> 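Below is the structure I would like to discuss, written out as C-alpha cells.
Indexing begins at 1, ligand by ligand and atom by atom, following the structure's order. All values derive from a computational prediction rather than experimental measurement. Throughout, numbering of the chain's residues begins at 1 and tracks the sequence.
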Amino acid sequence: MIWAHKDLIGIQDLGKDDIENIFDVATSFKEISTREIKKIPPLRGKTVVLLFYEPSTRTRMSFEIAAKRLSADTIALSASGSSFEKGETILDAARNIMAMAPDCIVIRYPYAGSPKLLARALPCSIINAGDGFHEHPTQALLDIYSMREHFGYIDGLNVLIVGDIMHSRVARSNVYGLKKFGANVTLVAPKTLLPLGTDEWGVDVCTEFDSVIPDADVIMMVRIQKERMQQRFFSDEREYAFFYGLDKSRVEQMKEGAIIMHPGPLNRGVEITYDATESARSVILNQVENGLAIRMALLYLFLGGGKRVD
Ligand code: CP
C-alpha cells in the first residue's frame with residue numbers, strides 16, 4: 001500500500017482513495033481489540049507524543065490506546081503543568097520535543113492553524129486532533145466509517161448535522177469528508193450559529209429541525225460549545241433545546257433505520273436528551289469503538305506501515 005502523506009492536518013487534504021485506505025486498515029485492526037492479548041508489534045521502537053493543550057477524553061485516550069496496541073511508546077503533555085504556563089509557544093515546545101526524536105506528534109490546540117505550523121517546521125508526522133474551529137479530521141474519519149459500517153454505503157445518504165455549526169470543527173471535517181463520498185448534507189441550526197461561507201460547502205442549510213427529520217438517514221448532533229462563545233447566540237438552553245434538541249418526540253419522527261450520532265462530550269438536556277442517547281438508534285458508543293480502529297490505522301500508516309512516497 002502506498003501512503004503519500006507525512007501529516008494529517010485536515011480532511012480537505014485527503015483524497016477518497018486515501019480515506020478508503022484508512023478504512024481498510026481500520027477494518028483489519030478492529031479484531032485486535034477483541035483478543036485477550038490486545039497488542040501487535042508493527043510500531044515497536046516508535047515514539048508518539050500526545051500534545052493536548054485543550055481538554056479531551058475520547059480523542060486522547062483512543063490515540064494513546066491505539067499507539068500502545070501497536071507497541072509504540074507514548075508520552076502525553078497537556079498545557080497544565082507544561083512550560084506553556086510559563087509562556088512558551090507551541091512552536092518552541094514542539095521544536096524542543098523534536099530534539100528528543102519522536103516519530104509523530106498528535107496535537108490538539110485551541111487555535112486553528114497550529115498543526116500546519118508544526119507540520120511545516122518539523123520532520124516528524126503531525127496529526128491534527130482538533131484545532132480551534134478549523135478541523136477534527138480523525139473524528140470525521142471515524143464518523144464516516146461508522147456510517148458506512150452501518151449502512152454499507154455513503155453515497156446518497158441524507159445526513160443532518162445539527163447544532164452549533166459555527167464553532168464546530170467536527171461539522172466542518174464531516175462536511176468535507178461526506179461530500180467526497182456523495183452524501184447529501186444538511187446543516188440545521190439557528191442563523192446565529194451558522195458560519196459565513198456555507199454556500200461554498202455544497203450543503204443545504206435549514207433552520208427548522210422538525211421539517212427535515214423524517215427524510216434523514218443520519219442525525220448527527222454537535223455540541224453547544226459554550227467555552228468558545230464570547231457572546232449569547234440564543235436566549236437560553238431551554239429555548240435552544242425546544243427548537244434544536246433531539247428528544248424522544250423527535251426520535252419518534254425519524255424514519256425506520258435512521259441513526260443518531262454525537263461526537264461527544266454530550267450536553268445532556270441541551271442538544272440531546274437521555275432518551276435519544278439511549279435509544280436503539282444511537283450509535284454513539286460504536287463511534288468511540290471505531291475511533292480506536294481508525295486511530296490505529298492512522299498511526300500505522302503515518303509511521304511507516306504504508307510505503308511512503310514523498
Ligand atoms: N469527540 C471528541 O473530540 O471528544 P474529546 O473532546 O473527548 O476528545
> List the closest protein heavy-atom neighbour of atom 6 (O) of ligand 1: residue, atom name, distance to the nearest 0.1 Å.
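Sorting protein heavy atoms by distance from atom 6 (O) of ligand 1 puts R108 NH1, 2.9 Å first.
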> Find all atoms of ligand 1 within a distance of less than 4.0 Å from any non-hydrogen atom belonging to Q139, and give their numbers and elements.
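Answer, ordered by atom number: 1 (N), 2 (C).
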> Which ligand 1 atoms does T57 reach within 4.0 Å, using its non-hydrogen atoms?
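With T57 as reference, the close atoms of ligand 1 come out as 5 (P), 7 (O), 8 (O).
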> Which atoms from ligand 1 have a heavy atom of T59 less than 4.0 Å away?
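Taking each heavy atom of T59 in turn, ligand 1 has 2 (C), 3 (O), 4 (O), 5 (P), 8 (O) under 4.0 Å.
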> Looking at K179 and E200, is any side-chain nitrogen of the basic one under 4.0 Å from a carboxylate oxygen of the acidic one?
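Result for this pair is no, no salt bridge flagged.
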> Salt bridge between K248 and E278, side-chain N to carboxylate O under 4.0 Å?
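Salt bridge absent between K248 and E278.
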> Look at atom 1 (N) of ligand 1 and say which protein heavy atom is nearest, naming residue and atom and giving the distance to 0.1 Å.
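Answer for atom 1 (N) of ligand 1: P263 O, 2.8 Å.
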> Is L51 close to R108 at the side-chain level, that is, under 4.5 Å between some pair of heavy atoms?
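No - every pair of side-chain heavy atoms lies 4.5 Å or more apart.
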> Within less than 4.0 angstrom of ligand 1, does G130 place any heavy atom?
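No, that is not the case, since the closest heavy atom of the residue is not under 4.0 Å from the ligand.
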> Give me the residue, atom name and distance of the protein heavy atom closest to atom 4 (O) of ligand 1.
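For this ligand atom, the closest protein heavy atom is R58 NE, 3.0 Å.
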> Hey, is R169 close enough to D131 for a salt bridge, meaning N to O under 4.0 Å?
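Salt bridge: no.
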> With heavy atoms of G264 as the reference, note each atom of ligand 1 found under 4.0 Å away.
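Those qualifying, in numeric order: 1 (N), 2 (C), 4 (O).
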> Side chains of I259 and I219: closer than 4.5 Å at any heavy-atom pair?
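In short, these two side chains do not touch, never coming nearer than 4.5 Å.
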> Flag the pair T59 / F52 as yes when at least one side-chain heavy-atom distance between them is below 4.5 Å, and no otherwise.
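Side-chain contact under 4.5 Å: yes.
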> So for H136, does at least one of its heavy atoms come nearer than 4.0 angstrom to any atom of ligand 1?
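Yes, that is the case, since the closest heavy atom of the residue is under 4.0 Å from the ligand.
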> Is any side-chain heavy atom of V106 less than 4.5 Å from a side-chain heavy atom of V48?
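Touching, per the 4.5 Å side-chain cut-off.
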